Amino acid sequence: MEGIGHRMIKVNGINIHVAEKGEGPVILFLHGFPELWYSWRHQILALSSMGYRAVAPDLRGYGDSDAPDSVESYTCFHIIGDLVELIDVLDPDVGKVFVVGHDWGAYMAWLLCLFRPDKVKALVNLSVPFIRFDREIKPVGVWKAVYGDDYYISRFQEYGEIEGEFAEVGVERVVKEYLCDFPVLLPKGKLFKRPLDEQITLPSWLSEEEANYYVTVFQKTGFTCPINYYRNLGRNWELLGPWVGSKIKTPAKFIVGDKDLAYGMPGMKEYIHNGGFKEDVPSLEQVVVMKGVSHFINMEKPEEISSHIYDFFCQFH
């Protein structure tokens, strides 16, 4: 990770760790679960060589960033509060940057554009499209009804329960299972499809050394604070009431792998391709579906994703 600098920045009452490299317009990269700034390593190196300043934080509760204890400290408003102050530090003159998000980072990036469009020049989001707020449908309840009690979001709701089960399996196994093959169902007593004594073969895009970086960090931090994001899905739904029907006006590009668990959710393809997504995000300029690619798209296809980002953002100088 040649030439990537690291520093702590105080924002919104906590310290956020950022990795950064390059000179020029800022691109802020927002990671997902169970990830770190490190998931953007390829894009940091690529975009910093193309005339951008690439900045990737560990979101609150992750890595070297502060991790407040209370579950309630992980609502979308806390995260967006962190990002707004971070943007002001990174771009003190204008307070406006390019943003790239993946998974939870994409969810937060959509909301950042919704709450503070003045902070974002343009957006590239990966994996998770904007999901419109339906006041009739509580998200956690719907997923439980569709997928059952073993669905990972259902299993993540009870504080401390899944952490205890993860501890029995061990951090290394949990991290590698997620990075290799994001498990959607987590049955009690048999969390993962593979027997625990079966060796995990890492995908070609993830080396043992790279996987061990995640393992080392999560051994230090645990999973509670990252899982607290999921524990606030219901709370976020309640708090987002005032934004029902709001449109996202920020110029946006969306990229997803056709094997991504998010793309396979019921109704998702129809929403993305049949007009619903464009209705909610009128400035959505492009949707790219990458064949044969799954969830960790920025690591699986690093060069293509970096090119997509560059090609889109260079229109907005």
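This chain uses plain numbering: 1 for the first residue, then up along the sequence. As the structure is a prediction and not an experimental result, all values here were calculated from the model.
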Salt bridge check, [Y] against [X]: does any charged N sit closer than 4.0 Å to a carboxylate O?
X: K119; Y: D88; result: yes
X: K188; Y: E161; result: yes
X: K176; Y: E208; result: yes
X: D258; Y: K269; result: no
X: R41; Y: E209; result: no

Is the [X] ring parallel, tilted or perpendicular to the [Y] ring (thresholds 30°, 60°)?
X: Y52; Y: F98; value: perpendicular
X: Y229; Y: Y74; value: tilted
X: H17; Y: H6; value: parallel
X: W143; Y: Y151; value: tilted
X: F254; Y: F277; value: perpendicular
X: H102; Y: W40; value: perpendicular
X: F218; Y: Y62; value: perpendicular

**OP:** Examine F223 together with Y178 and report whether their ring centres are nearer than 6.0 Å.
**Re:** no

**OP:** Compute the ring centroids of W104 and Y230, then answer whether they are less than 6.0 Å apart.
**Re:** yes

In Å and rounded to the nearest 0.5 Å, what is the [atom1] to [atom2] distance from [X] to [Y]?
X: F166; Y: E177; atom1: CZ; atom2: CD; answer: 10.0 Å
X: M50; Y: L45; atom1: CE; atom2: CG; answer: 10.5 Å
X: K249; Y: C113; atom1: NZ; atom2: SG; answer: 12.0 Å
X: D181; Y: I200; atom1: CG; atom2: CD1; answer: 9.0 Å
X: W205; Y: H42; atom1: CH2; atom2: NE2; answer: 9.0 Å
X: M108; Y: L111; atom1: CE; atom2: CG; answer: 6.5 Å

Test item: [X] side-chain N/O and [Y] main-chain N/O as donor-acceptor pair under 3.5 Å:
X: N236; Y: T75; result: no
X: N15; Y: M8; result: no
X: N298; Y: S39; result: yes
X: D103; Y: G105; result: no
X: N232; Y: V71; result: yes
X: K144; Y: G148; result: no

Would you find more than 12 non-hydrogen atoms of other residues, nucleotides or ligands less than 6.0 Å from [X] atom [atom1]?
X: K121; atom1: NZ; result: yes
X: K193; atom1: NZ; result: no
X: F133; atom1: CZ; result: yes
X: K247; atom1: NZ; result: yes

**OP:** Output, in order, the C-alpha distance, side-chain angles, deciding distance and verdict of side-chain hydrogen bond (donor to acceptor under 3.5 Å, both in side chains) for T224 and Y159.
**Re:** CA-CA 8 Å; T224 293; Y159 186 86; 4.8 Å; no

